[in-house]
*Asks:* 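First the structure, then my questions, so here it is.
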Amino acid sequence: MTLETLSPDQLQRRTRWRALVAAVVMVAGFALLLWRLHHLQVAQHERFAALAEANRLTLVPVPPQRGEIFDRNGKPLARNEGVYVLEVTPALAPDLDATLKALTELVAIDPEALRSFRRRVREQRGLGSVPLKWRLTDAEAARIAANGFRLPGVQVAVRSMRHYPYGEVMAHVVGYLGRISERDLQRIEAQDALGRYRGLEVIGKEGVEASYESELVGWPGWEQLEVNAAGRAVRRLASVPAQPGRDAVLTIDVDFQAFVHELLRDKQAAFVALDPRDGAVLAMVSTPTYDPNAFVTGLSSETWQSLLNDPARPLLHRALRGTYPPGSTFKPFMALLGLETKARHLGQRFNHQGSFQIGQQVLHDRKSACQSGVDLIRALTYSCNVYFYQLGVDLGIDAIAAFMTHFGFGSPTGIDLPNEAAGVLPSREWKRSFFKRRRDQQWFTGETVSVAIGQGYSSYTPLQMANALMILVNGGLGPIPHLVDHFRDRRTGALIPVTRPPARFVPLDPANVEAVLTGMREAVRVGTAARAFAGAPYRAGGKTGTAQVVSTQRAHRDADAADEQDHAWFIAFAPVEEPRIVAALIVEHGGYGGAVAAPLMRIIFDRFFGVEPKPEWETAR
Amino acid sequence: MKPAWWQNLLRRWDPLLLLTLVGFFAFSHWVMTSASPQRLDEQWVHLGLALAAFLGSALVPFRWWLALSPLLYLVGVVALVLVLVVGVTAKGATRWLDLGVARLQPSELMKLAVPLFAAAYFHWRQGMLRWWDHLVALVWVVAPTALILKQPDLGTAIMVGVIGGCVLFFAGLSWRLILPFVVAGCVAIAALLQFGDQWCAPEVEWPGLHDYQKGRICTLLDPERDPLGKGFHTIQAAIAIGSGGIWGKGLGQGTQAQLAFIPERHTDFILAVIAEELGFVGVAGLFAGYLVLLLRGFSLTLRSGLWAGQLFGCAAVTGIFLYTWVNAAMVMGLAPVVGVPLPFVSYGGTALVSLCLMLGVTASAAAEPFPGGGRR
């Protein structure tokens, strides 16, 4: 049927039919929509309802305030400061280079910071902001805020930043915070503590900051926020406040510490002072040192490299990790062992002490006081080597090694700092495990002689020396050295004691201890340290030491070269009647202990006991 | 008895149609208090203009509309050509003519002018129709459609083309010519569902379509392809609708809507807001309203004494249906995202006024008496 044959009426009828078809299609179309609507709203309602909730709610961690660190008198050693930080969110800055260029016109940004910023942008995962400059001044912050409209992705944030007011004085003890590294993360994950670090960017890396991390860090809170599609918080639905970390109060008196630091600052030296009554660290100094504040914002690789490659090794905590042959400071412990084993008794005198033959080798001691009639007291007073050579041979290495273990030689003292060095207490066993070749593993009597005067393989940290002296002074009681006296709740102010390992105890005959301490007292009164301590208003005991530096590189010693000068040691305690301080001091390549280390110890002890300095001590220095 | 003047008015406006329309306006206003309360005042103006357009255009005798149609059509085509030459470009498309005082979007005018002119053409050729008359009418429809497509404005082009095509359909275009297109469309959709993954690979170019148009279709097939970009609208709308459940979360209580997860929530995606806040029940009720409006439109149209009136009315009603269906299907993830508002409910003046104009002219057509007098 063609159109030509259709009358207007037939055409209109056809139109009506078509309208009916269209109406059916419409009803079918709405039915299809309703089916789809049913599928979404009824069949899959649960799933979409959950998705809508997930859209709406977000859990945001609230990082806790880290506990602060104070010295024993309440002076702040590590604080939290609110500082202005210039941050850039690369994802929001369409042209990062242009933005940075504009920023450098607004505030001074040193090229080093710019380089490290670019490095962090490259390494960045996610869409967060990256700090460009820390500690903006008020004027700088205002300038950037005023120009914010033309700097997309740039913001000035107030961040809590760790600040160490005493800087390098406390650097090795307090340590520093650093960015949480991949390795830190693995460790945290192994401890199942990832939740504690949500929202945190830094972690204790060194010193007390690291060893008491779990006390200082606190517990994060959280906020349940309703957010809009742009991720902006609209409303807070619930929150649990963060619990701040605990404040740590150290046993150190920072003024005393600063005094010692100033005294040693141009030397490579280490000093440890303990309170023998409880093992509290009174001062712990290692020079040279570094500024921990530089670590908080992240060191540039140049600065890091220069610290690492500095021959003076400022990063080395010498008191804790530097190991040195103890030299003659080892003699009091040898003397005690002689008495304890009854290999020697107090009145026993030796003549012809000028030389000592071992195998083909003859060793000399030319000090006149050591030539004849040498008893144990005099041997300590004047540090007579031959006396101790003979004692070492008489005792044998096995007895020496077994006894010295009790004084903590060759093992960490257990102080509350990370990565303490163990040092080396030589023994047959040690030698067997240390050397690979069989002929190197054999122990020789000549080596026992070296050990007896604190040379040879022996090497201990200054902390170990102070710790051993503390055990001796206490007659065998050795509280574990510690830096943190107690913690304090930041909100209630309640004091929280630190649980410490029990003190060690070495059973000793008090008479023997008394004899050895008398020898050390005589060394200060009339012996090797007498000049340094002349006129001191308190009674001190001590022992000098001069540790030989054995050059492994050069065939023969050049005694004048600075790096082959002997290390100067002095260990001391005072007052003799009831000691309140025991200390160990080493000056690397300083020379003779009596001439270099003892005078410094005198100045330190004078300061500790509040003695006014006199001009002659100034000249002695 | 001669009907009173007000009875005459009501006859032209049709009480049921008017009531349904006013019901839609009230519903739109109610939903707008939740979706976009800050735009209520403007929407009052739009609703007023739209109502005036409906009432006014219904009062104009349909014969006048027919007489006016060639002029409207001509002006429209010239304006479309001018748009391509000196038009204002915004958002990557050239759709507007700057008249100095206002911007005019000629393609909106063509939604009315094309079906009106096509209907008039058939009307004048009535009694001497030849097979090629459909071809001529097709040219009247395709020419402006192509001009709009060139802007580019796929959504409007399809609407104008389909509404114009409806006139041809209702004028009796042979099924033999229609069915192949229906079958081809079905095959295309089936093929797209089957091979969408390969075709949506970035290096594949689709003949005749812009990249953004390809992107929209591909996003429809798999919104998760780009959940924060092109797929965001579709995914978030589905979440809004699905989370609404049977009874909805209550007006103003939809988290997806109120927290701005639904984009264009007061315009193209307002159905997602309705579905979230008023639930399955609310949307089903709304659809019932549309069915009443559309079916009433058909029944009125078929009373027209002029064939042209029937043609135009059926095409207009089908057009309103297509608007509704495409918008709802888009919001529900059944159709690609094209810029089509929900008739009589979405915020905005242009589409509302042009739809009411179509409805008004339909009412005018329905009131046209049979040549011999009397009514069916």
*Asks:* For W124(B), is the CH2 atom crowded, meaning more than 12 foreign heavy atoms sit under 6.0 Å from it?
*Replies:*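 Enclosed.
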*Asks:* Could you have a look at L40(A), L32(A), V21(A) and say which one has the most heavy-atom pairs with chain B under 4.5 angstrom?
*Replies:* L40(A)
*Asks:* Within the side chain of S243(B), is there an N or O that forms a donor-acceptor pair under 3.5 Å with the backbone of F48(A)?
*Replies:* no
*Asks:* Hey, what do you get for CZ (R47(A)) to CD1 (I239(B)), rounding to the nearest 0.5 Å?
*Replies:*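 Between atom CZ of R47(A) and atom CD1 of I239(B) there are 8.0 Å.
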*Asks:* Taking atom CZ of R13(A) and atom CG of L302(B), what is their separation to the nearest 0.5 Å?
*Replies:*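 Rounded to the nearest 0.5 Å, the CZ-CG separation comes to 13.5 Å.
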*Asks:* Checking side chain to side chain contact (heavy atoms under 4.5 Å, CB included) for the pair L259(B)/N55(A): CA distance, chi angles, key distance, verdict?
*Replies:* CA-CA 9 Å; L259(B) 299 173; N55(A) 257 349; over 6 Å; no
*Asks:* Can you say whether F321(B) sits under 4.5 Å from chain A via the side chain, the backbone, both, or neither, judging by heavy atoms?
*Replies:* side chain
*Asks:* At a heavy-atom separation under 4.5 Å, does L271(B) approach chain A through its side chain, its backbone, both, or neither?
*Replies:* neither
*Asks:* Non-hydrogen atoms of chain A under 4.5 Å away: do they reach the side chain of A240(B), the backbone, both or neither?
*Replies:*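 Neither the backbone nor the side chain of A240(B) comes within 4.5 Å of chain A.
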*Asks:* Where is the tightest heavy-atom contact between W325(B) and G29(A), given as atom of each residue plus distance?
*Replies:*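 Where W325(B) meets G29(A) most closely, the heavy atoms are NE1-O, 3.0 Å.
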*Asks:* On a heavy-atom basis, which atom in T318(B) and which in A22(A) lie closest, and how many Å separate them?
*Replies:* OG1-CB, 4.5 Å
*Asks:* Ignoring hydrogens, what is the shortest heavy-atom contact between L11(A) and A171(B)? Give both atom names and the distance.
*Replies:* CD2-O, 4.1 Å
*Asks:* Between L294(B) and chain A, which part of the residue has a heavy atom less than 4.5 Å away: side chain, backbone, both or neither?
*Replies:* side chain
*Asks:* Once you round to the nearest 0.5 Å, how far does OH of Y290(B) lie from CE of M26(A)?
*Replies:*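 Separation between the atoms: 13.0 Å.
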*Asks:* Does atom CH2 of W175(B) have more than 12 heavy-atom neighbours from other groups under 6.0 Å away?
*Replies:*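 Buried by this count: over 12 neighbours within 6.0 Å.
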*Asks:* Step through the shown structure and confirm whether more than 12 heavy atoms of other residues, nucleotides or ligands are within 6.0 Å of CH2 on W219(A).
*Replies:* no
*Asks:* Taking everything shown except R183(A) itself, do over 12 heavy atoms lie less than 6.0 Å from its CZ?
*Replies:* no
*Asks:* Can you label the angle between the H38(A) ring and the F280(B) ring as parallel, tilted or perpendicular, going by 30° and 60°?
*Replies:*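 Correct class here is perpendicular.
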*Asks:* Once you round to the nearest 0.5 Å, how far does CE of M332(B) lie from CG of L33(A)?
*Replies:* 5.0 Å
*Asks:* Can you tell me if Y84(A) has over 12 outside heavy atoms packed within less than 6.0 Å of its OH?
*Replies:*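 No, OH of Y84(A) has 12 or fewer neighbouring heavy atoms, counting only those of other groups under 6.0 Å.
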*Asks:* Mark yes or no for whether R14(A), through its side chain, and G172(B), through its backbone, hold a donor-acceptor pair below 3.5 Å.
*Replies:*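 The answer is yes, because a donor-acceptor pair under 3.5 Å joins these two groups.
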*Asks:* Taking only residues two or more places apart in sequence or in another chain, which ones pass salt bridge (Lys or Arg N to Asp or Glu O under 4.0 Å) with R18(A)?
*Replies:*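 Per chain and number, R18(A) pairs via salt bridge (Lys or Arg N to Asp or Glu O under 4.0 Å) with no residue.
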*Asks:* Please identify, among A23(A), A43(A), A19(A), the residue contributing the most non-hydrogen atom pairs under 4.5 Å to chain B.
*Replies:*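 Heavy-atom pair counts peak at A19(A).
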*Asks:* Checking the side chain of Q41(A) only, and the main-chain atoms of I241(B) only, is there a donor and an acceptor separated by less than 3.5 Å?
*Replies:* yes
*Asks:* Roughly how far, to the nearest 0.5 Å, is CG of L306(B) from CD of Q12(A)?
*Replies:* 8.5 Å
*Asks:* Measure F298(B) against the heavy atoms of chain A and call it side chain, backbone, both or neither at under 4.5 Å.
*Replies:* side chain
